[in-house]
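Chain identifiers are assigned alphabetically (A, B, ...) following the order of the sequence lines, protein sequences preceding nucleic acid strands; residue numbering begins at 1 within each chain.
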Amino acid sequence: MRNGLKPDLIERVLGGKPKYTLSELEEKFPPRDLPDGAFVTRFAPSPTGFMHIGGLYQVLINSKLAQQSHGVFMLRIEDTDTKREVKDAVRIIVDSLAQFGLQYNNDEKYGPYYQSQRRDIYHSVAADLLARGLAYPCFLTAADMEEIRAKQSAAGFPTGIYGEFARDRDLTDDEIIAHLDKGEIPSIRLYSTGNPNQRIFCKDAVRGSISFPENNEDLVLIKSNDGLPTYHFAHLCDDHFMRTTHVVRGAEWLSSLPLHYQLFRMMGWTPPQYIHTSTLDTIDADTGKQRKLSKRHDPEANVANLLASGWPVAAVLEYLFNIIASGYEEAKLKGAVKNIWEYEFRPKKIPMSGALFDMKKLEWWAKENIATMSVSDLVNNVVAWAQKYGESMHIAQVKDVDYLTRVLSIERDNPKRIRKDFITWRQTLSEVAYFWDEFFTPNRDFEFNRDLLNEFLSTFNINDDKDTWWNKIVAIANTAGVKNGDVAMNLRVAITGRTNTPDLYSIMQVMGEKRVLSRVQGALK
RNA sequence: GCUCCCAUCGUCUAGCGGUCCAGGACAUCGGAUUCUCAUUCCGGCAACAUGGGUUCGAUUCCCAUUGGGAGUGCCA
């Protein structure tokens with residue numbers, strides 16, 4: 001135990017008088033007035049300039065938890081690492097959430113929501129800890145710590161600032177003043193009284209009770225270089241005063257759980273419920289081993305890329321949600337729920353082991369999603385995508401919305417028999433590119449049967465109904481002594497340049513007489 | 001090194017001591033669907049990491065081993 005610091009020393013140590021007392025803060029941020037069982041959750045990214053798929057995964061858990069319990073989901077920006085600031089980073093996060101339709105509700109009463117603007121709160125809490133002798137100013141320099149670390153690893157001790165290695169742990173007031181007089185700016189460290197031979201029991205909502213050795217490290221609470229809090233201290237202050245009930249975060253935080261429990265206990269506050277999520281993984285192409293998706297090496301890990309490729313946002317969400325709540329898929333297939341917002345899930349069911357990101361399954365969700373969408377929704381999505389992300393070809397294709405609509409309507413009338421060859425908006429447009437003369441590529445490899453095509457030309461009438469049209473094809477086949485399919489295939493390749501297409505009759509109807517004739521004539525040249 | 005987490009078909013998983021020679025979905029492979037492809041339908045292949053316990057009985061509980069992951073920063 002150490003003595004608490006007097007108010008005037010605290011003021012000097014912190015570089016200013018704390019703005020609030022603890023009870024003032026309690027009053028300023030009262031418990032929320034929410035129905036019983038409402039979850040207060042938050043997504044708390046550090047603005048690094050990317051929105052990672054794992055981040056989206058967490059946003060989804062957070063917002064879904066709030067939504068299904070009639071609670072609140074907040075967005076808090078953890079911009080306490082001034083060295084790694086990236087401009088536009090916040091905009092990217094906010095935009096991504098908006099595009100996925102994931103809304104947050106940042107009630108001003110509990111703000112501000114940028115940690116860099118909450119300095120007064122952190123310093124006020126730190127002052128309390130300092131006054132009670134549960135924290136102390138530490139004047140160790142980076143070089144000092146490096147030296148300590150080197151000694152520790154040479155001797156086989158765990159590294160870190162703890163016990164006998166915490167040089168400034170028991171500085172007297174006079175010693176502190178001496179440092180201060182030299183112009184040194186301290187960091188504020190936790191005065192840990194944890195005993196690593198003792199165990200602390202923590203709770204994780206999906207894993208249950210987990211025990212760890214008690215923390216004995218004097219971790220930094222307030223950094224000396226900018227006076228901002230570390231993650232641990234910000235988490236303590238923010239999630240308490242924002243009245244967060246459930247903290248959803250990556251499994252990399254699991255090992256700091258004892259520290260966080262320790263901090264909450266010191267303040268006499270109730271810790272939130274913790275939900276530590278596992279990672280979204282991939283198989284590394286070089287090593288063949290499973291590893292976390294990385295935005296650097298895996299383009300699909302970057303949400304911006306997903307959007308730019310034109311993945312249907314609802315499908316991406318459904319894919320991720322099915323990992324979170326594996327019962328969703330079956331409920332949806334059975335028709336019990338229409339979308340993820342209707343399906344209630346239990347935090348306990350969130351998987352605890354890392355899931356491989358399965359592109360094939362995402363594709364399946366996307367195909368299902370597009371196939372069950374109305375034609376007008378399909379068209380709207382494609383047009384919106386082309387306008388925002390499309391290249392000149394895509395933009396040209398969405399110019400005549402009427403024609404595009406007819407192209408995309410093919411074989412969509414029977415709900416049980418809708419084609420599933422559209423996956424992304426980009427791929428949809430390239431899939432149907434042959435409908436536009438400027439993007440049509442004649443097939444030069446196919447050996448056309450000229451007689452069949454000529455015969456077709458002489459009997460073709462765009463106004464024929466489907467049966468009449470087909471009967472003519474059968475007639476041509478009979479006369480020529482070939483299979484019906486041979487006639488159809490010659491036509492198909494002449495008109496579309498491809499051997500695989502949707503229903504030929506529908507294609508011809510959409511293309512119109514002129515286009516059909518010119519393409520067949522083109523094939524005959 | 002130390003600490004912690006995890007372990008069912010190729011993938012995501014259901015399973016919470018007997019109903020499991022393990023169920024679903026994706027992928028894959030066959031077959032059917034009066035033009036290709038797609039769709040739809042039917043069918044097939046395919047898993048409880050290993051070794052000890054506990055129990056009348058273990059996929060389910062406990063321990064060890066192995067394997068994978070995370071943490072060990074004045075980064076979050």
When you measure from the side-chain N and O atoms of [X] to the phosphate of [N], is any distance below 4.0 Å, counting only OP1 and OP2?
| X | N | answer |
| --- | --- | --- |
| A:Arg492 | B:C35 | no |
| A:Lys223 | B:C75 | yes |
| A:Lys420 | B:U40 | yes |
| A:Thr159 | B:G73 | yes |
| A:Lys348 | B:C16 | no |
| A:Arg346 | B:C16 | no |

For [X], which contact category applies under a 4.0 Å heavy-atom criterion: base, sugar-phosphate, or nothing?
| X | answer |
| --- | --- |
| A:Pro45 | nothing |
| A:Arg199 | sugar-phosphate |
| A:Thr80 | sugar-phosphate |
| A:Ser326 | sugar-phosphate |

Flag side-chain contact, heavy atom, 4.5 Å: A:Arg291 against A:Asp298: yes
Show which side-chain atoms of residues 476-488 of chain A pair as donor or acceptor with protein atoms under 3.5 Å away, not counting sequence neighbours.
{"from": "A:Thr479", "atom 1": "OG1", "to": "A:Ala475", "atom 2": "O", "distance (Å)": "2.6"}
{"from": "A:Asp486", "atom 1": "OD2", "to": "A:Lys483", "atom 2": "N", "distance (Å)": "3.3"}

Once side-chain contact (heavy atoms from CB on, under 4.5 Å) is applied, do any residues pair with [X], and if so which ones, sequence neighbours excluded?
| X | result |
| --- | --- |
| A:Thr372 | none |
| A:Pro186 | A:Val13, A:Pro137, A:Phe139, A:Leu180 |
| A:Asp464 | A:Asn461, A:Thr468, A:Trp469, A:Lys472 |

Nearest whole angstrom, please: distance from the [atom2] of [N] to the [atom1] of [X].
| X | N | atom1 | atom2 | answer |
| --- | --- | --- | --- | --- |
| A:Asp358 | B:A25 | CG | P | 15 Å |
| A:Tyr328 | B:A25 | OH | P | 16 Å |
| A:Lys332 | B:C12 | NZ | P | 22 Å |
| A:Tyr57 | B:C12 | OH | C1' | 11 Å |
| A:Tyr231 | B:C74 | OH | C1' | 17 Å |
| A:Arg149 | B:G1 | CZ | P | 18 Å |
| A:Leu219 | B:A76 | CG | C1' | 14 Å |
| A:His52 | B:A76 | NE2 | P | 19 Å |

Nucleotide nearest [X] when distance is taken to its side chain, options [options]:
| X | options | result |
| --- | --- | --- |
| A:Asn225 | B:C26, B:C74, B:A7 | B:C74 |
| A:Met489 | B:U36, B:U40, B:C37 | B:U36 |
| A:Glu78 | B:A76, B:U40, B:U13 | B:A76 |
| A:Ile323 | B:U40, B:A27, B:C12 | B:C12 |
| A:Lys466 | B:U13, B:C37, B:C35 | B:C35 |

Which residues within [range] lie with some heavy atom under 4.0 Å of an atom in RNA chain B?
| range | answer |
| --- | --- |
| residues 424-433 of chain A | none |
| residues 200-217 of chain A | A:Arg207, A:Ile210, A:Ser211, A:Phe212, A:Pro213 |
| residues 493-511 of chain A | A:Thr499, A:Asn500, A:Thr501, A:Pro502, A:Asp503 |

Under 4.0 Å protein heavy-atom contacts per nucleotide of nucleotides 60-71 of chain B, with B for base, S for backbone only and - for none: --------SSSS
With sequence neighbours excluded, residues passing ring pair (Phe, Tyr, Trp, His ring centres under 6.0 Å) with A:Phe448: A:Phe446
Ring pair (Phe, Tyr, Trp, His ring centres under 6.0 Å) partners of A:Phe460, counting only residues at least two apart: A:Phe456
Whole-Å P distance, B:U60 and B:G18: 12 Å
Nearest-Å distance once atom C1' is located in both B:U54 and B:C63: 11 Å
Using Watson-Crick or G-U wobble geometry with both distances below 3.5 Å, tell me the partner of [N], or none.
| N | result |
| --- | --- |
| B:U72 | B:G1 |
| B:U66 | B:A7 |
| B:A38 | none |

Salt-bridge contact A:Lys466-A:Asp503 (side-chain N to carboxylate O under 4.0 Å): yes
Side-chain ion pair, A:Glu329 and A:Lys361, N-O less than 4.0 Å: yes
Given RNA chain B, 5'-ward residue of the pair A:Glu330 and A:Lys349, judged by closest heavy atom: A:Lys349
Residues A:Phe50, A:Val303; criterion side chain to side chain contact (heavy atoms under 4.5 Å, CB included); working and verdict: CA-CA 8 Å; A:Phe50 289 90; A:Val303 170; over 6 Å; no
A:Arg498 to A:Tyr434, cation-pi by 6.0 Å centre distance and 45° axis angle: no
No-H, no-angle donor-acceptor pair, A:Lys361 side chain to B:A27 base, under 3.5 Å: no
Sidechain-backbone polar pair: A:Gln152 side chain, A:Gly160 backbone, donor-acceptor under 3.5 Å: yes
Between A:Tyr261 and A:Phe264, ring centroids under 6.0 Å: no
Per-pair distances, 0.1 Å, donor-acceptor, side chain in residues 199-214 of chain A, under 3.5 Å, sequence neighbours excluded:
{"from": "A:Arg199", "atom 1": "NE", "to": "A:Ser211", "atom 2": "OG", "distance (Å)": "2.9"}
{"from": "A:Arg199", "atom 1": "NH2", "to": "A:Ser211", "atom 2": "O", "distance (Å)": "3.0"}
{"from": "A:Arg199", "atom 1": "NH2", "to": "A:Ser211", "atom 2": "OG", "distance (Å)": "3.3"}
{"from": "A:Asp204", "atom 1": "OD1", "to": "A:His276", "atom 2": "N", "distance (Å)": "3.0"}
{"from": "A:Asp204", "atom 1": "OD1", "to": "A:His276", "atom 2": "ND1", "distance (Å)": "2.7"}
{"from": "A:Asp204", "atom 1": "OD2", "to": "A:Val206", "atom 2": "N", "distance (Å)": "3.0"}
{"from": "A:Asp204", "atom 1": "OD2", "to": "A:Arg207", "atom 2": "N", "distance (Å)": "2.7"}
{"from": "A:Asp204", "atom 1": "OD2", "to": "A:Arg207", "atom 2": "NE", "distance (Å)": "3.4"}
{"from": "A:Arg207", "atom 1": "NH2", "to": "A:His276", "atom 2": "O", "distance (Å)": "2.3"}
{"from": "A:Glu214", "atom 1": "OE1", "to": "A:Asn195", "atom 2": "N", "distance (Å)": "2.8"}

Test side chain to side chain contact (heavy atoms under 4.5 Å, CB included) applied to A:Leu129 and A:Phe233, step by step: CA-CA 11 Å; A:Leu129 253 16; A:Phe233 194 56; 3.8 Å; yes
Residue pairs, two or more places apart or on separate chains, that pass side chain to side chain donor-acceptor pair (under 3.5 Å) and touch residues 222-232 of chain A: A:Thr82-A:Asp226, A:Tyr231-A:Arg249, A:His232-A:His260
